[in-house]
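Basis for what follows: all heavy atoms, side chains included, without hydrogens, waters or symmetry-related copies. Lettering of chains follows the sequences in order, A, B, ..., and the numbering in each one begins at 1.
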Protein chains: 2
Amino acid sequence: MKLSTKGRYGMRAMLALARRYGDGPIPLKEVAEIESLSESYLEQLAGELRKAGLVRSVRGAQGGYYLAKEPALITAGDIIRVLEGPIGPVQCVIESPDMDDACDYAESCVERLLWQRLRDSMVKVLDSITLADLMAEGKRIGPAPSAKNKNC
Amino acid sequence: MKLSTKGRYGMRAMLALARRYGDGPIPLKEVAEIESLSESYLEQLAGELRKAGLVRSVRGAQGGYYLAKEPALITAGDIIRVLEGPIGPVQCVIESPDMDDACDYAESCVERLLWQRLRDSMVKVLDSITLADLMAEGKRIGPAPSAKNKNC
DNA sequence: TCAATTCCCAGTAATCAACTCGGATTACTA
DNA sequence: TAGTAATCCGAGTTGATTACTGGGAATTGA
């Protein structure tokens, strides 16, 4: 039940972009330095976030990435869904499951009720917290150099 | 953010034992058949559940496994913790983290707040639902052949 | 033209997931 | 006491996934 580095690093990168929202495009090199992440790995994540419409990019010199919407309009759930896939502890209760995901006994499957409730509580938290919320918390708890730790 | 088969199959096996609570030891062979799971794989899970004190075993012919406590006293969280490890979306906010897990900037790490809230909501759901609860739901929604699907 | 940048894709090493298998031990039953 | 049904234990295997790295093409501002 853990996030992968994609979700963790992606969240940090998005938060870094949020902090510089309005400053024009920020090169990934810079984000990578601030967050001490690998630039080439970040490139991959940025590509997915761009395709999903959460960030926009400008190519060439002086180019970079910037948030496609203001921080208050981007939730943690948006980011996690792009980088980790649909939210849910098991395949058969992810959001908008297709036919292949549902099992034959879905109607009478008891565990399913448990997993659904777990999913709902996860979705509720992730969809209720925006990048703006996190930045606001940041101001409250002090200057925030993001974690320089593999596990965060 | 998905459970592994250990958590999923383990939950099903525990629920199967719960349904037969009071019937004396149930051999894994039987559980494996009912739930269409691999017996030898179940053996591993059963070993962990036993070491954790959730089930007890009787060796030899006519032996098997049975719940160590009544179904109302075993929560989903108990089972998940044994088979999937401590609950939490990232290492640095798992329950009872030790020194190695916490990062150097824990105090000023903004993402941490998000992950903590997510963890809390997961814990709340998992710790509030017992095997007895699930069995009761089972009666409500009809006869429950557990899912015979890889994803459940 | 040059340098900075995104973009894209291929490869890779290490780890993890999901099992399987063999054999030892234990205990009920006939 | 033999036979059989179980747990117990640890090692091995296979395939997928994770977490990257690197190369090179395309783009663009100075």
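- For the OP1/OP2 pair of C:dC16 and a distance below 4.0 Å, the side-chain nitrogens and oxygens of B:Ser4 include no atom meeting the criterion.
- D:dC8 atom C1' lies 15 Å from atom CG of B:Leu42, rounded to whole Å.
- Residue pairs meeting the salt bridge (Lys or Arg N to Asp or Glu O under 4.0 Å) criterion with at least one member in residues 45-57 of chain B, sequence neighbours excluded: B:Lys6-B:Glu48.
- With rounding to whole Å, B:Tyr41 atom OH is found 18 Å from D:dT14 atom P.
- Judged as a side-chain contact (heavy atoms from CB on, under 4.5 Å), and not counting sequence neighbours, the contacts of A:Ala132 are A:Pro71, A:Ala72, A:Thr130.
- Distance, A:Leu3 CG to D:dT17 C1': 16 Å, rounded to whole Å.
- For D:dT21, one of the phosphate oxygens OP1 or OP2 lies less than 4.0 angstrom from a side-chain nitrogen or oxygen of A:Ser38.
- The interatomic distance linking A:Gln91 (CD) with C:dA17 (P) rounds to 17 Å, in whole Å.
- Electrostatic pairing of B:Glu35 and B:Arg12 counts as a salt bridge here, judged by a charged N lying under 4.0 Å from a carboxylate O.
- With sequence neighbours excluded, the residues forming a salt bridge (Lys or Arg N to Asp or Glu O under 4.0 Å) with A:Glu30 are A:Arg20, listed by chain and number.
- Pairs of residues two or more places apart, or lying in two chains, that qualify as salt bridge (Lys or Arg N to Asp or Glu O under 4.0 Å) and include a residue from residues 124-133 of chain A are A:Arg81-A:Asp127.
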What pairs of nitrogen or oxygen atoms, one from the protein and one from nucleotides 4-7 of chain D, lie under 3.5 Å apart?
residue : atom : partner : partner atom : Å
D:dA5   : N3   : B:Ala61 : N            : 3.2
D:dT7   : OP1  : B:Leu28 : N            : 2.9
D:dT7   : O3'  : B:Ser57 : OG           : 3.4
D:dT7   : O2   : B:Arg59 : NH2          : 3.0

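- Using a 4.0 Å cut-off between a side-chain N of Lys or Arg and a carboxylate O of Asp or Glu, B:Arg117 and A:Glu137 qualify as a salt bridge.
- The side chain of A:Tyr9 contributes an N or O atom lying less than 4.0 Å from OP1 or OP2 of D:dC20.
- In this structure, CD of B:Glu48 is placed 13 Å from C1' of C:dA17, rounded to the nearest angstrom.
- We find that CD of B:Gln44 is positioned 13 Å from C1' of C:dC16, with the value rounded to whole Å.
- If you measure from atom CZ of A:Arg8 to atom C1' of D:dC20, you get 13 Å, rounded to the nearest angstrom.
- Scored by the side-chain contact (heavy atoms from CB on, under 4.5 Å) test, A:Ser128 finds no partners at all (sequence neighbours excluded).
- For A:Leu83 and D:dA19, the CG to P distance is 12 Å, given to the nearest whole Å.
- The phosphate of C:dC19 (OP1 or OP2) has no side-chain N or O of B:Ser40 nearer than 4.0 angstrom.
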